[in-house]
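Following: one structure in structure tokens, then a few remarks.
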Amino acid sequence: MKIRVPATSANLGPGFDSCGIALSQYLTIEIGEETKNWQIVHHLGSNIPSDEKNLLIQTALDLAPNLKPHRLTMTSDIPIARGLGSSSSVVVAGIELANRLGKLGMTTAQKVTYATKIEGHPDNVAPAICGDFVVASFNNNEVNFVKHHFPDCDVIAFIPNHELLTAESRAVLPKEMSYRDAVTASSIGNVMIAAVLNGNLPLAGKMMEKDILHESHRQHLVPHLKKIREFCKAYGGYGSFLSGAGPTVLVLTPPENTEKLVTALKAYDHEASIDVLSVEKEGVQIF
């Protein structure tokens with residue numbers, strides 16, 4: 001049995017800690033035979049534990065403490081600490097591991113709620129579980145979420161050759177904002193979501209670039225964002241936004257303009273990875 005969880009991108013600009021999309025990169029867990037102790041075979045680096053200290057096993061055992069140990073194989077093409085939901089994918093895989101091995105029969109809503117309580121916000125875990133485009137809220141210990149079709153487009157991921165830890169990126173955010181700014185931020189986010197639901201990517205992309213909740217405070221940590229926005233406008237992209245806490249920037253574009261944008265981005269930074277992705281319509285899957 002294999003568990004596959006998609007990468008995700010959170011926020012989409014003004015949908016801070018609420019909106020997210022699933023993407024066509026994946027974490028895969030293959031469940032092998034029972035063993036005396038948990039074993040995880042992977043090639044993800046020495047910093048990733050290969051035993052019960054791994055976040056995957058910690059999550060699963062927190063949910064189902066009596067699980068029998070197994071030999072697992074973990075593979076992933078989701079870059080670590082780049083704002084593409086690498087840790088959320090492991091949490092979601094851990095929940096599904098417990099659900100399957102422990103025969104818990106969890107509903108989608110139960111998975112989203114449990115994952116949100118671990119992560120603290122639903123913007124990554126909800127699309128990782130549901131797939132596609134998800135708008136979610138975590139308030140007073142209650143999680144509510146809606147999945148909807150995201151309009152077809154190419155998603156270009158500009159992935160810099162350096163990490164940006166979520167803790168560092170969150171540390172620069174203000175603790176308060178004025179009522180006037182809060183109303184403005186809400187209106188921007190509302191129009192962005194409505195445009196996505198209406199299939200209007202030009203308007204959605206425009207609103208994604210008007211965020212005032214987090215991107216303006218993080219600009220000094222991601223100086224490449226401004227330049228990528230210039231390329232997006234010059235070569236016919238719909239819009240661009242910081243993926244999660246960064247440093248990855250996503251550009252939404254019509255397929256016919258993808259090659260021009262990719263060429264410009266590669267010329268701008270030869271060390272960055274430039275991946276052309278799509279919105280993954282399915283969430284966590286079992287094979």
Side-chain angles (χ1 to χ4, degrees), residues 5-23 83-89 91-92 108-151 155 166-167 169-170 172-179 181-201 203-218 238-246 248-250 252 279-281 283-284:
V5 185
T8 52
S9 179
N11 302 328
L12 280 67
F16 185 59
D17 277 4
S18 175
C19 297
I21 53 174
L23 296 169
L84 290 168
S86 58
S87 63
S88 294
S89 68
V91 168
V92 170
T108 298
Q110 288 172 329
K111 295 173 189 176
V112 173
T113 296
Y114 195 83
T116 298
K117 290 178 179 178
I118 293 174
E119 287 286 283
H121 37 85
D123 49 0
N124 281 114
V125 294
I129 293 168
C130 301
D132 223 324
F133 171 57
V134 182
V135 182
S137 171
F138 183 35
N139 186 38
N140 291 329
N141 214 36
E142 181 182 22
V143 181
N144 293 286
F145 63 97
V146 175
K147 174 183 175 179
H148 195 275
H149 169 71
F150 196 86
V155 182
T166 301
S169 191
R170 279 193 173 268
V172 302
L173 300 180
K175 291 183 171 27
E176 296 178 348
M177 68 187 308
S178 71
Y179 185 81
D181 285 346
V183 171
T184 299
S186 176
S187 69
I188 294 169
N190 292 340
V191 175
M192 184 273 287
I193 293 169
V196 170
L197 301 187
N198 203 34
N200 188 341
L201 277 180
L203 178 56
K206 177 182 177 181
M207 303 313 291
M208 287 173 184
E209 296 189 351
K210 291 183 177 294
D211 169 64
I212 63 172
L213 287 172
H214 70 110
E215 287 192 352
S216 58
H217 305 289
R218 289 168 163 166
Y238 293 123
S240 55
F241 55 90
L242 192 62
S243 184
T248 294
V249 174
L250 296 190
L252 306 182
V279 175
E280 170 58 66
K281 302 306 180 182
V284 58

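From a predicted model like this one, the values you see are computed outputs, not experimental measurements. Position 1 is the first residue of the sequence, and the numbers go up from there.
Although no hydrogens or angles enter the test, the distance criterion places no donor-acceptor pair under 3.5 Å between the side chain of Asn140 and the main chain of Glu142. Proximity of a side-chain donor or acceptor of Thr113 to a complementary backbone N or O of Gln110 within less than 3.5 Å is not detected. Between the side chain of Glu215 and the main chain of Phe241, no donor-acceptor pair closer than 3.5 Å is present. Between the side chain of Asn190 and the main chain of Ser186, a donor-acceptor pair closer than 3.5 Å is present. Without hydrogens or angle criteria, Ser243 side chain to Gly83 main chain gives a donor-acceptor distance under 3.5 Å. Between the Ser18 side chain and the Ala136 main chain, a donor and an acceptor come within less than 3.5 Å of each other. At least one donor-acceptor pair under 3.5 Å links the side chain of Asn11 to the backbone N or O of Asp17.
Between Phe133 and His148 the shortest side-chain heavy-atom distance falls below 4.5 Å. Side-chain contact check for Phe145 versus Thr116: every heavy-atom pair is 4.5 Å or farther apart. Here the side chains of Pro151 and Val196 are in contact, with some heavy-atom distance below 4.5 Å. You'll find the side chain of Thr108 stays beyond 4.5 Å of the side chain of Lys147, heavy atoms only. The shortest distance between side-chain heavy atoms of Val143 and Lys117 does not fall below 4.5 Å.
Atom CD1 of Ile188 sits about 12.0 Å away from atom CD of Glu209, to the nearest 0.5 Å. To the nearest 0.5 angstrom, Arg170 atom CZ is 12.5 Å from His217 atom NE2. Atom CE of Met192 sits about 13.0 Å away from atom CG of Asn200, to the nearest 0.5 Å. Put simply, OG on Ser187 and CD1 on Ile212 are 7.5 Å apart, with the number rounded to the nearest 0.5 Å. Between the CG atom of Leu250 and the CG atom of Leu12 there is a distance of 8.0 Å, given to the nearest 0.5 Å.
Within 6.0 Å of NZ on Lys281 lie more than 12 heavy atoms contributed by other residues, nucleotides or ligands.
Partner Ile21 forms a side chain to side chain contact (heavy atoms under 4.5 Å, CB included) with one of Ser9, Pro6, Pro127 and no other, that one being Ser9.
In terms of heavy atoms, Cys19 sits closest to Ile193 at SG-CD1, 3.7 Å. Minimum interatomic distance between Pro14 and Asp211 (heavy atoms only, all atoms of both residues): CA-OD1, 3.4 Å. Closest approach of Asn124 to Gly85, counting heavy atoms only: ND2-CA, 3.8 Å. A pairwise comparison of heavy atoms in Thr8 and Ala22 identifies CG2-CA, 4.1 Å as the closest pair. Counting all heavy atoms, side chain and backbone alike, Arg218 lies closest to Gly244 at NH1-O, 3.7 Å. Pairing each heavy atom of Ala204 with each of Ala195, the nearest pair is N-CB, 3.6 Å.
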List the steps, then state whether side-chain contact (heavy atoms from CB on, under 4.5 Å) holds for Val191 with Lys210.
CA-CA 11 Å; Val191 175; Lys210 291 183 177 294; over 6 Å; no
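In this structure, His214 and Phe16 have parallel ring planes: the angle between them is below the 30° cut-off, well short of the 60° mark.
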